[in-house]
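Heads up, the thing below is written out as structure tokens.
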2 protein chains.
Amino acid sequence: METRALTARTSTESTRDIPEATVARLPVYLRALTTLSEAGTGTCSSEELASAAGVNSAKLRKDLSYLGSYGTRGVGYDVDYLRYQIAREIGVTQDWPVVIVGIGNLGHALANYSGFRSRGFRVVALLDADPERHEEVVAGVDVRPFDDLEQIVKDHGVAIGVIATPALAAQDVADRMVASGISSILNFAPAVLSVPAGVDVRKVDLSIELQILAYHEQRKTHGATA
Amino acid sequence: METRALTARTSTESTRDIPEATVARLPVYLRALTTLSEAGTGTCSSEELASAAGVNSAKLRKDLSYLGSYGTRGVGYDVDYLRYQIAREIGVTQDWPVVIVGIGNLGHALANYSGFRSRGFRVVALLDADPERHEEVVAGVDVRPFDDLEQIVKDHGVAIGVIATPALAAQDVADRMVASGISSILNFAPAVLSVPAGVDVRKVDLSIELQILAYHEQRKTHGATA
DNA sequence: TTCGGTTTGTTCTCCCGTTCACAAACTCCT
DNA sequence: AGGAGTTTGTGAACGGGAGAACAAACCGAA
Ligand SMILES: NC(=O)c1ccc[n+]([C@@H]2O[C@H](COP(=O)([O-])OP(=O)(O)OC[C@H]3O[C@@H](n4cnc5c(N)ncnc54)[C@H](O)[C@@H]3O)[C@@H](O)[C@H]2O)c1
Ligand SMILES: NC(=O)c1ccc[n+]([C@@H]2O[C@H](COP(=O)([O-])OP(=O)(O)OC[C@H]3O[C@@H](n4cnc5c(N)ncnc54)[C@H](O)[C@@H]3O)[C@@H](O)[C@H]2O)c1
């Protein structure tokens, strides 16, 4: 399921491979640190940061230990320093160009989302197959034909693509993205995407989340009435 | 992290507790089965279904075994029968009323999302704190004041709430939801929510997903240039 | 310098999830 | 009826992650 190997480890690199579960939590820590920093906090303990991030403090410390020893025993972590270290590790110290394909209901919301810019991502293009969409300008970016994909990816060095088309079109869009050189895809369409090794796909599926909630909800109420 | 206990197991119930990882995959199987059914497929093997769902066939079989023995050895699974069994287990054979709070960019997209209805969820109310929103009608449902929450939850027996407000308002909205009787929350705001035991929270965070992709992307390109 | 208090980094153990591998069970053909 | 071929359901091995617990390291006061 995961993309492994292909990255030959050079000896000098600090590439200890960070567990996937830890990688998924680093952005949460990053956000918590940003909040703390904006609140004027200069130093924080693992307990405080863990609380702000909603995790166990032991887990937090273990996660951070994969990056290195950035804390001071008896004191805690320097908020801004740790924040930079995590940002660097994730790779959001500089902006990543992103394209969004499928500018319908969801695509509009994504294009208007300000959280992109503030977290290291820059929407360089909005693409849609429907010619009627091509006159529109969303959040300062104009909607362009889907066929412009290759050129845009090449021009801006885009590595990350977002799919917000109907499910039926998702696989085709993914194929075109991969062919254009995109190697990371965030998929909002309720479809299972098939991509070659070396390409990462993450999916966000609203219906699945709701169904998981429904399952637990059913258990709760079922137990109450039984 | 998880809400445990509180549900006393009565002996007659068929409540073998299904692993959380399996619960998260059942909706994926459900969708794959629906697709197969619509394509006219009457029977399918674990291999076929696993392929359609994008998972390992052994994992699929083990997952399904938690529900019961709904397959036939040497043959496979009856698509419609299995689909019904999974739907029943998840609890989406009847509709769940849902409220959405925060009808901005994202809230509009969610309200317009047709995938709700088709998967067992019905949006019974759209709520927003901004009075200027209250004249609007989105997807046939009119936007109402946030203070109507308690009454709507009571009237419709709402158990599931969706938060699409700015991060700063999310905790307040969650508190009001819980106080109103909602016990499952889907949170789109980038904030860590604190809720009492017995309330389930799931979060969908676009920025985190992108940052995880960026991390792996950085590794890929970094390995190439080194 | 020494000592008490604090907090990190890490080890160890346990649990959950994944995957392999195979016996049991079913169909179909002869 | 019997045997060959197919597919499910599950036992067992394995790997990874979560959490408890503690030694090492640091600060500040005396
Ligand atoms: N709206 C939501 O809140 C929501 C929530 C979860 C998931 N989704 C999923 O996100 C996707 C988009 O949802 P939506 O509500 O925005 O749908 P939509 O129909 O409003 O928008 C889809 C857009 O994709 C474009 N499109 C179609 N085929 C294309 C192609 N081959 N190449 C490029 N563009 C193409 C269409 O022209 C349209 O503008 C769907 O798969 C939906 O299931 C939506
Ligand atoms: N737009 C996106 O694509 C996107 C993607 C990921 C996450 N998010 C997150 O989703 C949330 C909503 O994003 P958005 O772009 O729709 O923002 P938005 O500002 O367009 O909409 C927010 C809405 O919430 C309402 N609101 C504010 N405080 C409220 C309160 N206390 N009670 C009820 N309603 C309240 C506002 O009136 C507004 O209509 C944000 O937290 C954002 O970070 C958005």
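Everything numeric in this text was worked out from a predicted model, so none of it was measured. Values reported hereafter were calculated over all heavy atoms of this structure, with side chains retained and with hydrogens, waters and symmetry mates removed. Residue numbers start from 1 in every chain, and the chains themselves are labelled A, B, ... in the order their sequence lines are given, proteins ahead of strands.
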Inset, instruction - Would you give a per-nucleotide map of nucleotides 20-30 of chain D, 5' to 3', where B means the base has a protein non-hydrogen atom under 4.0 Å away, S means only the sugar-phosphate does, and - means neither? - result: BB--BBBS---
Rounding to a whole Å, what distance do you find between [X]:[atom1] and [N]:[atom2]?
X: B/E47; N: D/dG9; atom1: CD; atom2: C1'; answer: 15 Å
X: A/L64; N: C/dT10; atom1: CG; atom2: C1'; answer: 13 Å
X: A/L82; N: C/dG9; atom1: CG; atom2: C1'; answer: 14 Å
X: B/L60; N: D/dG9; atom1: CG; atom2: P; answer: 10 Å
X: B/E20; N: D/dG17; atom1: CD; atom2: C1'; answer: 16 Å
X: A/R25; N: D/dA18; atom1: CZ; atom2: C1'; answer: 8 Å
X: B/Y77; N: C/dA25; atom1: OH; atom2: C1'; answer: 13 Å
X: B/D63; N: D/dG9; atom1: CG; atom2: P; answer: 12 Å

Inset, instruction - Would you indicate, yes or no, if D/dG17 has its OP1 or OP2 atom less than 4.0 angstrom from a side-chain nitrogen or oxygen of A/Y66? - result: no
Legend entry - Residue-phosphate contact under 4.0 Å: A/S45 side-chain N/O, C/dT7 OP1/OP2: no
Legend entry - Residue list, salt bridge (Lys or Arg N to Asp or Glu O under 4.0 Å) with A/E48, at least two apart or on another chain: none
Inset, instruction - Return the set of residues passing salt bridge (Lys or Arg N to Asp or Glu O under 4.0 Å) with A/R31 (not counting sequence neighbours), or none when no residue passes. - result: B/D205
Inset, instruction - Using heavy atoms and a sub-4.0 Å distance, could you list which residues of residues 26-39 of chain B are near DNA chain D? By number, please. - result: none
Inset, instruction - Determine which pairs satisfy side chain to side chain donor-acceptor pair (under 3.5 Å) with at least one residue from residues 163-173 of chain B, sequence neighbours left out, and list them in order. - result: B/Q171-B/D175
Legend entry - B/S69 or A/T22, whichever maps to the more 5' nucleotide of DNA chain D: B/S69
Legend entry - Given D/dA18, C/dG17, C/dT19, the nucleotide with the shortest approach to the side chain of B/K59: C/dT19
Legend entry - Closest to the A/S46 side chain, choosing from C/dG17, C/dT8, D/dG17: C/dT8
Inset, instruction - State, to 0.1 Å, how close B/V204 and A/E209 come at their nearest heavy-atom pair, and which atoms those are. - result: CG2-CG, 3.8 Å
Inset, instruction - Check side-chain hydrogen bond (donor to acceptor under 3.5 Å, both in side chains) between B/N187 and all other residues, then give those that pass, not counting sequence neighbours. - result: none
Inset, instruction - Any pair with a residue in residues 33-47 of chain B that passes salt bridge (Lys or Arg N to Asp or Glu O under 4.0 Å), sequence neighbours left out, goes on the list, sorted by first then second residue, please. - result: none
Legend entry - Pairs involving residues 71-86 of chain A, ordered by first then second residue, that meet salt bridge (Lys or Arg N to Asp or Glu O under 4.0 Å) (sequence neighbours left out): A/D80-A/R83
Inset, instruction - List the steps, then state whether side chain to side chain contact (heavy atoms under 4.5 Å, CB included) holds for B/M177 with B/I185. - result: CA-CA 8 Å; B/M177 282 183 169; B/I185 295 175; 4.1 Å; yes
Legend entry - Sequence-distant partners of B/Y81, ring-ring contact (aromatic ring centres under 6.0 Å, His included), two or more places apart: B/Y70
